[in-house]
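Working notes, structure below.
We're numbering straight along the sequence, starting at 1. Ligands are counted one by one from 1 in listed order, and the atoms in each one are counted from 1 as well. Values below: every heavy atom of this structure, side chains too, minus hydrogens, waters and symmetry copies.
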Amino acid sequence: MQRQRKKIACVGEAMIELSLGSSEGAARVGYAGDTLNTAIYLRRNAPADHDVHFVSAVGQDPLSDRMLAFIEAEGVGTAYMRRSPDRVPGLYAITTDDAGERSFTYWRETSAARTLFTDDAGETLAALSGFDIVYYSAITLAILSPDARARFFDWIDGFRASGGEVAFDSNYRPKLWPDVATARREVETAWRKCDIAFPSVDDEMDLFGDVDAAAVSARLEGYGLSYGALKRGGEGPLPIGVTLPVLPSYRRVDKVIDTTAAGDSFVGGFLAEHAQGRPIDAALLAGHDCAARVITHPGAIVPRDIWFSEVS
Ligand code: ADP
């Protein structure tokens, strides 16, 4: 049977990343954000004839131009990125103290991405309706205005009813939400409206106060989740909604360099298999293998030359 070519959108916010060294004279500029990280690892894992797009809003400034060029150089589509006339991308700086401990400082409250699904709602949602799979996270939800969030949820209902698949990861960042009750309410709504679920045990316990992984699973089952992966760090993921006679054999990384983007890259690897119609055990293993590679490198995005020269 001929494989169907899939169109997949990752929706969210990407920021400019400044990595500051010890001297004042120089900073390294990068671009990152959970859903962009997923788009990039999905693109690196999916067959070339699948379309992967990043959908967000940026400005019309030179740094936005450079961010788009970076995304396009990864083969990720930017045709549905909105260019705000009066806003610019969010920014964060990474500084490292004498003990090697990293700190993150953010300037993101007025980023262009915060206007997603506001003025542009009709146009961007209409564009998303042309995709087969739409992926977003709780960070995407947190940066949207309450109106935009409600509009997006309504759109999801119609998209799913017409056969589209929605994938969601609850990446919980307390500082992005006005309070825990709002975060719980919105994330629960998102779980109830998703086809492919990517919860992680830690995020779910932090947000919902579950006592252990079994309690997380029981609560999620109650929402009727029927497919996906419960991420459990180095233990490897459990399937959701499907019983496997044996779990895939997950390799554990003992020398972890940096866990940034572990969950994001897991989703990229999983979705690349799922989009090709492969079974869940193959998707779980591909997600795990992708994340296990990423955490042996510093930073969210392993440079392309290193990624493609490595034998996985
Ligand atoms: P999140 O970052 O979303 O909270 P996890 O911490 O569970 O999620 O990590 C995401 C994925 O990264 C895991 O499902 C697993 O596949 C992989 N992973 C994390 N830590 C390790 C490790 N020590 N060895 C191998 N894989 C790992």
What short N/O contacts, under 3.5 Å, does ligand 1 make with the protein, listed by atom pair and distance?
unit_1	atom_1	unit_2	atom_2	d
ligand 1	2 (O)	Gly263	N	3.3
ligand 1	3 (O)	Lys231	NZ	2.9
ligand 1	4 (O)	Ser200	OG	3.1
ligand 1	7 (O)	Gly233	N	2.6
ligand 1	16 (O)	His288	ND1	2.7
ligand 1	20 (N)	Gly234	N	3.4
ligand 1	23 (N)	Val253	O	3.1
ligand 1	24 (N)	Val253	N	2.8

Tyr172: which of Asp202, Ile139, Leu207 passes side chain to side chain contact (heavy atoms under 4.5 Å, CB included):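 Going through Asp202, Ile139, Leu207 one by one, the side chain to side chain contact (heavy atoms under 4.5 Å, CB included) with Tyr172 is satisfied by Leu207 alone.
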Check: Thr140/Glu13 side-chain N/O donor and acceptor closer than 3.5 Å: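 Absent: no donor and acceptor within the cut-off.
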Between His288 and Phe266, ring centroids under 6.0 Å: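 Aromatic pair excluded; centres sit 6.0 Å or further apart.
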Pair Phe168 + Tyr136: ring centers closer than 6.0 Å: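 Between Tyr136 and Phe168, which both carry aromatic rings, the centre distance is below 6.0 Å.
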Sequence neighbours excluded, every pair satisfying ring pair (Phe, Tyr, Trp, His ring centres under 6.0 Å) that has a member inside residues 197-216: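 For residues 197-216: Phe198-Phe270.
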Candidate list Lys6, His274, Arg160, test side chain to side chain donor-acceptor pair (under 3.5 Å), partner Glu165, passing option: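 So, applying the side chain to side chain donor-acceptor pair (under 3.5 Å) to Glu165 and each of Lys6, His274, Arg160, only His274 qualifies.
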